[in-house]
K.L.:
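My questions will all concern the structure given below.
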Amino acid sequence: MAETAIELKGISKSFGAVHANRNIDLKIEAGTIHGVIGENGAGKSTLMSILYGFYQADRGRIHVGGKKAAINTPSDAIALGIGMVHQHFMLVQNFSVLENVILGAEGEALLNTSIARARSELERLERDYGLEVDPDSIIEDLPVGLQQRVEILKALYRGADILILDEPTGVLTPAEADHLFRILEQLKEEGKTIILITHKLREIMAITDNVSVMRQGTMVATRRTAETSVEELAELMVGRRVLLQVEKGEAKPGEVLLSVRNLTVKDSRGVTMVDNVSLDVRAGEIVGIAGVAGNGQSQLLDAITGVRRAVSGTVTLGGEPVDLTGAADPADLRARGMAHVPEDRHHVGLVLPFEENENAMLGYHRQAKYLNGPFLNIEAIRADAREKIEKYDIRPPDCRLKTANFSGGNQQKIVLAREMEQDPKVLIVGQPTRGVDVGAIEFIHKRLIDMRDQGKAVLLVSVELDEIRSLSDRILVMFAGRVVGERGPEASEGELGLLMAGVEEKEAAE
Amino acid sequence: MSAPYAKLPAWADYGLIPLINLAVAFLVAGLVVMLVGENPFRAAAILVEGALGRGQNIAYTLYYATSFIFTGLAVAVAFHCSLFNIGGEGQAYVGGLGVAVVCLAFDSILPWWLVFPLAIVGAALFGAAWAFIPAYFQAKRGSHIVITTIMFNFIAASLMVYLLVNVLKPAGAQAPQTRNFLEGGQLPKLNWVLEAMGFSIRSAPFNLSFLLALLAAFLVWVLIWRTRLGYEIRMRGFSPKAARYAGVSETKIIIITMLISGALAGMMALNPVMGDQNRLQIDFVTGAGFVGIAVALMGRSHPAGIVPAAILFGMLYQGGAELAFEMPNISRDMIVIIQGLVILFAGALEHMFRPSIQALFASLSPRSAGIEAQQGEGG
């Protein structure tokens, strides 16, 4: 039995009413690579932030090397030999590698002695672990993979024995990721302990010794990697929750209302987020896009709805071309019959400080029925809002109340009422039930089916696999920006889970 | 300005909190007065007496308030779009050029009531033009509007000195100012209104532009809360992402908002230039642009708050001048300190008392404080 490097006992942490971590126990053996896996929002990052001293746990204890440890700040963690490589690098872009490595650990007032010491220390680390980086190059000139290596060097230079890596491969190319794994193996052989946080099952299987699975703030299981399987982990991660039964009849798909061809979207750093995606949505069907969060679904939605510009690709809406790489803007698309329920209702779909009635026309405020010339037709706006409140059972039924004061489910109903009552041709829906109570979920699902039965084309993106499976007539799975497979609604959870984890189509079919 | 604590009843939000802030500002100012060895109660009495004691003083107070209403509205309109226009000073200064150009051109041929509308247009156009350049850089290049508008204050000051000394000054004159406007370039005084109410006034610069300021306050309310443009301005102010989603062009809305803001700041020049001095003088704005920031903060960017806040600052200006005269230990600079304290407590420390007041309201009545809805958020 190996010795224990870190033990967490009964860790709990809440942010307001949200329980990010509930009573978490975790034991990590020294000299192993330990994976922590879970969906976005499962509480992995919060747990690691507690371990590294960014947050303090509300309850619970941490033992490092068998002794009880008080970790109140990152410097406490560093003193205990814990180092962290963040998902978003914490490097000074216009400093050299060497300067970044000694930053915060400079030692004396004059730099030359510590720089000389750091140089020889870096050479040793390079020899021992194969972490090659030119110490004099400037960070911003280095590719992302090398910047990450600098982060690892920083942690090792501070004497880290336990290294936490938060989603380290999110920004790496496959070749860079392979190289990182070799480095981690090397570090393990030298006796370091490594905690790898990820949502990619393949990485876990490839490199870890043990794996712990988190779901909705709790630790649901810890397994020896050799004794588990991708299927089991996927099941643990997604969770077998009660499937909300949605009553729906046969879909009667009609003509293609939304057609996307070879759409590519890049983020501001030039990383490809949506890679050559094509899809069709017909009148009277719901097409669901499944995928682990962060695999390009958000960017796909943003591009189709004109919120974000696409790099290339063609789109037709109701048979007419739309220029998503240039002129198309959300107002124009709305006027042409595309309604959009965005993923982030707090910052995008609603203006929370607005009165409810002001949000009930957001985006449609150019329509003549809301206006008297340049003036707002306050009477008409409020009457319209009251009508929607009645029809969608929004509570409290007060159109003058600040939107921030409605509950999550009712806020979502405000958005849905607004978008559905426009009688659109195409409805684009992102995470319709995120942060919504169970009662409202049922209502929302029913409305979406109604829209389908009225002959609308519905494109649904959700990270809730249950939701996708119970609503969709066809399911597309996105992984790493690409559509990696299409299945019918009868596809099993395990099968979809494998596709979502990036396991090749052929393997998944077996 | 997403108002993280916006869960108080309106009367507490717009009435109680500003009053508490003001009271604390005066408390600290009182300590400063004690520090220089004067009686703070007597000082307060002199200040209020100096601002409101006689018709003469009231007229001066309202004259100053007129300028502050314009600049306060200018800052407030930009605030609604979450833009911080610190350039009211420069925009007002250049607005003065617009007033002067119109008055110098038409004062001999047209009566004042025909020159006035032209001068309004001139002031607004020049002020807006001066705001346009920083707005364009913000909208197109992301240059921060706080920095650019501050810099444009200095550029405006240099430009105006150059124009006054080299272009506008009549030949042979010593002072850097234009010739005096003839009758067509002079706004009628409003002192008779106060006289009709029983006050006696020797001479005071209180003039017609006060009514224009009140009209502007009403029109700003209409703009922000009753027009589609105002709706879009507030949308972008609260949430740029939601505005993008709603198809509102960020570039367009930033530039339009700053043009309106600059025009309002420019119209401030009507009050001193056409209403009082009847010529364009060097440095005629005397800080009104900056006071506008405090007025907008204190008035919570609402015209109904801005007008009283502007009158309060008018009192501080006028009463402060009297105070400096009556109490030799208290210099003009002391008045600036008091004004600074009001700005500090009403503006910069606006949220200092808010959490505790909110906690108090929450303990008295949880519903009105919106605690319920917050818990309902869940995940």
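Just so we're on the same page: letters track the sequence lines, and every chain starts at 1.
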K.L.:
Just verifying a value: how many Å separate B:Leu229 CG and A:Leu376 CG, rounded to the nearest 0.5 Å?
P.N.:
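Going from the CG atom of B:Leu229 to the CG atom of A:Leu376 covers 10.0 Å.
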
K.L.:
Take atom NZ of B:Lys140 as the centre, draw a 6.0 Å sphere, and report whether it contains more than 12 heavy atoms from other residues, nucleotides or ligands.
P.N.:
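Check fails, neighbour count at 12 or below.
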
K.L.:
Quick one: of A:His347, A:His340, A:His365, who has the most non-hydrogen atom pairs under 4.5 Å with chain B?
P.N.:
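Counting heavy-atom pairs under 4.5 Å, the top option is A:His365.
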
K.L.:
What part of A:Arg395 gets within 4.5 angstrom of chain B, counting heavy atoms only: side chain, backbone, both, or neither?
P.N.:
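Neither the backbone nor the side chain of A:Arg395 comes within 4.5 Å of chain B.
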
K.L.:
Taking the side chain as everything from C-beta on, heavy atoms only, tell me whether A:Leu350 gets closer than 4.5 Å to B:Tyr245.
P.N.:
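The answer is no; the side chains never approach within 4.5 Å.
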
K.L.:
If you round to the nearest 0.5 Å, how far is OG1 of A:Thr305 from CZ of B:Arg244?
P.N.:
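So the gap between those two atoms works out to 9.0 Å.
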
K.L.:
Look up atom CZ in B:Arg228 and atom CE in A:Met361, then write down how far apart they are to the nearest 0.5 Å.
P.N.:
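So the gap between those two atoms works out to 10.0 Å.
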
K.L.:
Measure the CG-OG distance between A:Asp329 and B:Ser249 for me, rounded to the nearest 0.5 Å.
P.N.:
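Rounded to the nearest 0.5 Å, the CG-OG separation comes to 8.5 Å.
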
K.L.:
Quick check for you: among A:Gly306, A:Ala331, A:Gly363, A:Pro330, which has the greatest number of heavy-atom pairs under 4.5 Å with chain B?
P.N.:
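So the answer, after comparing A:Gly306, A:Ala331, A:Gly363, A:Pro330, is A:Pro330.
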
K.L.:
Roughly how far, to the nearest 0.5 Å, is the CG atom of A:Leu371 from the OH atom of B:Tyr231?
P.N.:
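It comes to 10.0 Å.
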
K.L.:
Where does B:Val248 contact chain A at under 4.5 Å (heavy atoms): side chain, backbone, both or neither?
P.N.:
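The answer is both parts of B:Val248.
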
K.L.:
Should we say atom OH of A:Tyr55 is surrounded by more than 12 heavy atoms from elsewhere, each under 6.0 Å from it?
P.N.:
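No, OH of A:Tyr55 has 12 or fewer neighbouring heavy atoms, counting only those of other groups under 6.0 Å.
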
K.L.:
Would you say B:Met235 and A:Glu358 make side-chain contact, with heavy atoms under 4.5 Å?
P.N.:
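They are not in side-chain contact.
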
K.L.:
Within the supplied structure, the quantity of interest is the number of heavy atoms (other residues, nucleotides, ligands) at a distance under 6.0 Å from B:Tyr136 OH; does it exceed 12?
P.N.:
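Count not over threshold, so no.
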
K.L.:
Go through the steps for A:Phe375 and B:Val222 under the test side-chain contact (heavy atoms from CB on, under 4.5 Å), then give the verdict.
P.N.:
CA-CA 9 Å; A:Phe375 299 101; B:Val222 170; 3.6 Å; yes

